[in-house]
Amino acid sequence: MLDSLPPPRFDYGSEVRVIRNLRNDGTYPGVDTGVLLVRRGAIGVIRDVGTFLQDQVIYTVHFTKEDIIVGCRDRELIAAEAPWMPNRYEYGDKVKAHVSLGVAGQVVAEVGDIGEVIKVVRDEATMKAIGSVAYHVRFPGRTLQVPEQALDPLYEMSDNMDLPGAAE
């Protein structure tokens, strides 16, 4: 099974950026499950490379600014020097249309319509074309690719309100 693993993209000492918020999945000792450990965009250094269940490459990353060491899956990391534009929303976030959204001249989502983010689109061409990341958002009956500036959060939350009862 180990022979089928792709080679690690990063080596010991490589600087990497985490591209999604990392929450305790129950494997980080002394912290409640679900509590935010590291915010997306943080830069860390690879301390070790290993595997999980013999089919996933896992990196031990030291996020020096946060002074925390966390295990990260390959898909959660990019090279620190890779183009990066922060994003406001993530998979599963509920959002509202800030403007009317249309396809071929027909409005398919009105201002205030509620949708759910199902994918963050951060490829270079999209970010260069619209000046921000975009999202695949599922509105009732239709999925649209929407630039960040065309969305509002369903609820405004302060940084210390990530999870009910979670102290950060």
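What you see is a predicted model, and the numbers here were worked out from it, not measured in a lab.
Using a 4.5 Å heavy-atom threshold, the side chains of M85 and S132 count as touching. In this structure, the side chains of V107 and L101 stay at 4.5 Å or more apart for every pair of heavy atoms. At a threshold of 4.5 Å between non-hydrogen side-chain atoms, the residues V108 and L144 count as touching. Between I118 and V137 the shortest side-chain heavy-atom distance does not fall below 4.5 Å.
Considering V61, N21, V70 in turn, V70 is the only one that fulfils the side chain to side chain contact (heavy atoms under 4.5 Å, CB included) rule with V38.
Between the N24 side chain and the V31 main chain, a donor and an acceptor come within less than 3.5 Å of each other. No donor-acceptor pair under 3.5 Å is formed between the side chain of D67 and the backbone N or O of T64. Side chain of Y89 to main chain of E148: no donor-acceptor pair is present (N/O by atom type, distance under 3.5 Å, no hydrogens or angles).
D11 is linked by a side-chain hydrogen bond (donor to acceptor under 3.5 Å, both in side chains) to nothing, counting only residues two or more places apart in sequence or in another chain.
The environment of CZ in R142 is sparse: at most 12 heavy-atom neighbours from other residues, nucleotides or ligands sit within 6.0 Å. In this structure, H98 places its NE2 atom where only 12 or fewer heavy-atom neighbours from other residues, nucleotides or ligands lie under 6.0 Å away.
Pairing each heavy atom of F139 with each of I114, the nearest pair is CD2-O, 3.6 Å. Scanning both residues, P8 and V57, for their nearest heavy atoms gives CB-CG1, 4.3 Å.
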**Study point:** Criterion side-chain contact (heavy atoms from CB on, under 4.5 Å) on Y135 and R88, from CA distance to verdict
**Key:** CA-CA 10 Å; Y135 303 90; R88 187 170 185 187; 4.3 Å; yes
Point to revise | CA sep, side-chain torsions, deciding dist, call: K96, D113, side-chain contact (heavy atoms from CB on, under 4.5 Å) | key: CA-CA 5 Å; K96 297 184 291 189; D113 281 357; over 6 Å; no
Exercise for review: Please assess I43 against V16 for the test side-chain contact (heavy atoms from CB on, under 4.5 Å), listing each intermediate value before the final yes or no.
Suggested key: CA-CA 6 Å; I43 293 177; V16 293; over 6 Å; no
Practice item. Check the pair R47 / T60 against side-chain hydrogen bond (donor to acceptor under 3.5 Å, both in side chains), numbers first and verdict last. Key: CA-CA 5 Å; R47 299 281 294 267; T60 303; over 6 Å; no
Exercise for review: Starting from the C-alpha separation in whole Å, work towards a yes-or-no answer on side-chain contact (heavy atoms from CB on, under 4.5 Å) for C72 and L22.
Suggested key: CA-CA 8 Å; C72 297; L22 300 178; 3.6 Å; yes
Side-chain atoms of residues 74-84: list all donor-acceptor pairs with protein atoms under 3.5 Å, sequence neighbours left out, distances to 0.1 Å.
| unit_1 | atom_1 | unit_2 | atom_2 | d |
| --- | --- | --- | --- | --- |
| D74 | OD1 | R9 | NE | 3.1 |
| D74 | OD1 | Y59 | OH | 3.1 |
| D74 | OD2 | R9 | NE | 3.0 |
| E76 | OE1 | R73 | N | 2.8 |
| E76 | OE2 | R20 | NH1 | 2.6 |
| E76 | OE2 | R73 | NH2 | 3.3 |

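Hydrophobic clustering places V18 together with Y12 (ILVMFWY residues linked when any side-chain heavy atoms are closer than 4.5 Å, directly or through intermediates). V103 and I130 fall into different hydrophobic clusters, where Ile, Leu, Val, Met, Phe, Trp and Tyr side chains are chained together by heavy-atom contacts under 4.5 Å. Neither L37 nor I19 shares a network with the other; the hydrophobic side chains, linked directly or stepwise wherever heavy atoms of I, L, V, M, F, W or Y lie under 4.5 Å apart, form separate groups for each. Connection of V121 to V133 is not established within any shared hydrophobic cluster, with ILVMFWY side chains joined at heavy-atom distances below 4.5 Å, either directly or through further cluster members.
Ion pair E116/K94 flagged as a salt bridge, since at least one NZ, NE, NH1 or NH2 atom sits closer than 4.0 Å to an Asp/Glu carboxylate oxygen.
For the atom pair CD1 of I46 and CZ of F10, the computed distance is 6.5 Å after rounding to the nearest 0.5 Å. Atoms CG and CZ, on L36 and R23 in that order, are 5.0 Å from each other to the nearest 0.5 Å.
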